[in-house]
Amino acid sequence: MTSQESTTKLVTVEEYVAARAGAGLAEVFGAIAVAARQIERKIRLAGLGDLYGGGSIYGAAGAVNVQGEQQQKLDVFANDLLTQLLGESSHVAAIVSEEDEGPVEFEHGGGRNPAAEFVVVFDPLDGSSNIDVNVNVGTIFSVVRLVGDVVASVLKPGTEQAAAGYVLYGPSAVMVMTIGSGVAAFTLDEDERFVLTAEGMRMPEQGPYYSANEANAGSWPEVYREFVGGLVAGELGGQEYGSRYIGSLVADFHRTLLKGGVFLYPPTKKAPRGKLRLLYEAYPLAMVAEQAGGAAVDGESRLLEVRAAGIHDRTPLVIGSRTEVEALRKAVQKTAEEVE
Ligand code: FBP
């Protein structure tokens with residue numbers, strides 16, 4: 001159904017944010033929405049490969065990013081597009097991306113635009129291992145206020161985020177976001193606009209799924225193995241659990257937001273400080289989780305209060321329904337006390 005036929009007043013994400021947080025932040029969401037719709041189109045048509053000329057967008061771009069990972073062509077496409085469109089906004093002073101070593105600062109008229117009050121931090125395309133196999137991937141973003149220099153602004157605790165969210169490129173493209181007053185979802189419609197489809201979203205108190213790469217379980221700290229074992233054994237209030245793991249953080253988180261349960265990426269021998277990145281993976285999802293009544297920890301501490309020392313810092317992540325996350329936090333804390 002197109003907007004012309006719709007009898008309901010459709011609200012775009014830009015209108016929603018403008019009405020609640022002003023034109024500046026609305027412009028930032030507008031830039032993210034335009035980028036997301038072009039990324040969505042590129043992903044949707046990627047399977048056509050080179051049929052229509054122009055080469056395939058699948059595969060490696062031939063470069064390695066600051067994480068030491070092979071950049072995928074779609075990573076580079078998404079990164080360049082977000083950087084370009086956010087750079088055109090007079091309200092954005094700089095961006096920080098998973099794909100770039102340092103911040104990219106924007107100049108308007110030969111210097112920083114004094115009206116530029118935001119820095120946007122993002123993972124342009126999360127779930128790289130799933131890009132070429134047509135499985136859901138996403139874009140994750142966090143918006144912080146510029147206070148002093150860019151790095152100092154983005155290294156503030158996650159509690160300081162002005163806004164956060166993600167776009168899931170799945171059967172439908174959905175943007176889930178918060179500006180600090182609850183969680184809303186916007187779905188890409190046939191007129192290529194992200195229109196409001198859910199508001200005041202709540203994560204169930206406890207859910208039927210746990211989500212983790214159990215192939216790593218052998219190198220998790222014991223307390224995480226015991227925790228997952230306890231879930232499977234029905235020890236958490238008798239709740240039965242199924243296992244779900246897509247391997248794209250955005251997709252695994254989105255299911256957890258809607259159905260409840262817990263997603264875990266514990267420390268491993270290979271990644272003792274965790275695999276996932278604090279600023280552009282964990283912080284934004286933790287803000288969404290908390291705003292929807294869920295929770296997020298790095299094991300023992302509230303994730304949003306964990307401080308980053310560097311823009312590409314990694315962290316263990318346990319996120320989801322309050323019941324499971326609180327139970328895990330208590331177990332890790334107890335283990336830490338026993339060690340002391
Ligand atoms: P990037 O693709 O942005 O590097 O994200 C990391 C990620 O792919 C997450 O989306 C996902 O949760 C995790 O890594 C999967 O890791 P693993 O393959 O070790 O299970």
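Whatever order the structure lists them in is the order used to number ligands and atoms, beginning at 1.
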Give the atoms of ligand 1, by number and element, whose distance to some non-hydrogen atom of Leu249 is under 4.0 Å.
-> 9 (C), 10 (O), 11 (C), 12 (O)

Charged N-O contact under 4.0 Å between Arg277 and Glu281 = yes

If you draw the axis of the six-membered ring of Tyr16, does the NZ or CZ of Arg20 fall within 45° of it and under 6.0 Å from the ring centre?
-> yes

N or O pair under 3.5 Å between Leu276 and ligand 1 = no

Around atom CZ of Arg44, are there more than 12 heavy atoms of other residues, nucleotides or ligands at under 6.0 Å?
-> yes

Rounded to the nearest 0.5 Å, what's the gap from CZ on Arg193 to CZ on Arg37? Could you check?
-> 10.0 Å

With only distance considered, is Asp126 within less than 3.5 Å of ligand 1 through an N or O on each side?
-> yes

Any idea which atoms of ligand 1 are less than 4.0 Å away from a heavy-atom of Ser248?
-> 10 (O)

Do we see a donor-acceptor contact under 3.5 Å between the side chains of Gln161 and Ser142?
-> yes

For Asn213, atoms of ligand 1 separated by under 4.0 Å from a heavy atom = 17 (P), 19 (O), 20 (O)

Under a 4.0 Å N-O cut-off, is there an ion pair linking Lys334 with Glu337?
-> no

Over 60° means perpendicular and under 30° means parallel, so classify the ring planes of Phe263 and Tyr245, tilted if in between.
-> parallel

Who's the nearest protein heavy-atom neighbour of atom 11 (C) of ligand 1, and how far?
-> Gly247 O, 3.3 Å

Ligand 1 atoms nearer than 4.0 angstrom to some heavy atom of Glu98 are 1 (P), 3 (O), 4 (O)

For atom 4 (O) of ligand 1, the closest protein heavy atom turns out to be Arg277 NH2, 3.0 Å

Note: ligand 1 atoms sitting under 4.0 Å from heavy atoms of Asp123 are 3 (O)

Under 4.0 Å from one or more heavy atoms of Tyr245, ligand 1 contributes atoms 15 (C), 16 (O), 17 (P), 20 (O)

Atom 19 (O) of ligand 1: which protein heavy atom is closest, and how many Å away?
-> Tyr265 OH, 2.5 Å

Is there a donor-acceptor pair under 3.5 Å between the side chain of Asp75 and the backbone N or O of Glu99?
-> no

List the closest protein heavy-atom neighbour of atom 14 (O) of ligand 1: residue, atom name, distance to the nearest 0.1 Å.
-> Lys275 NZ, 3.1 Å

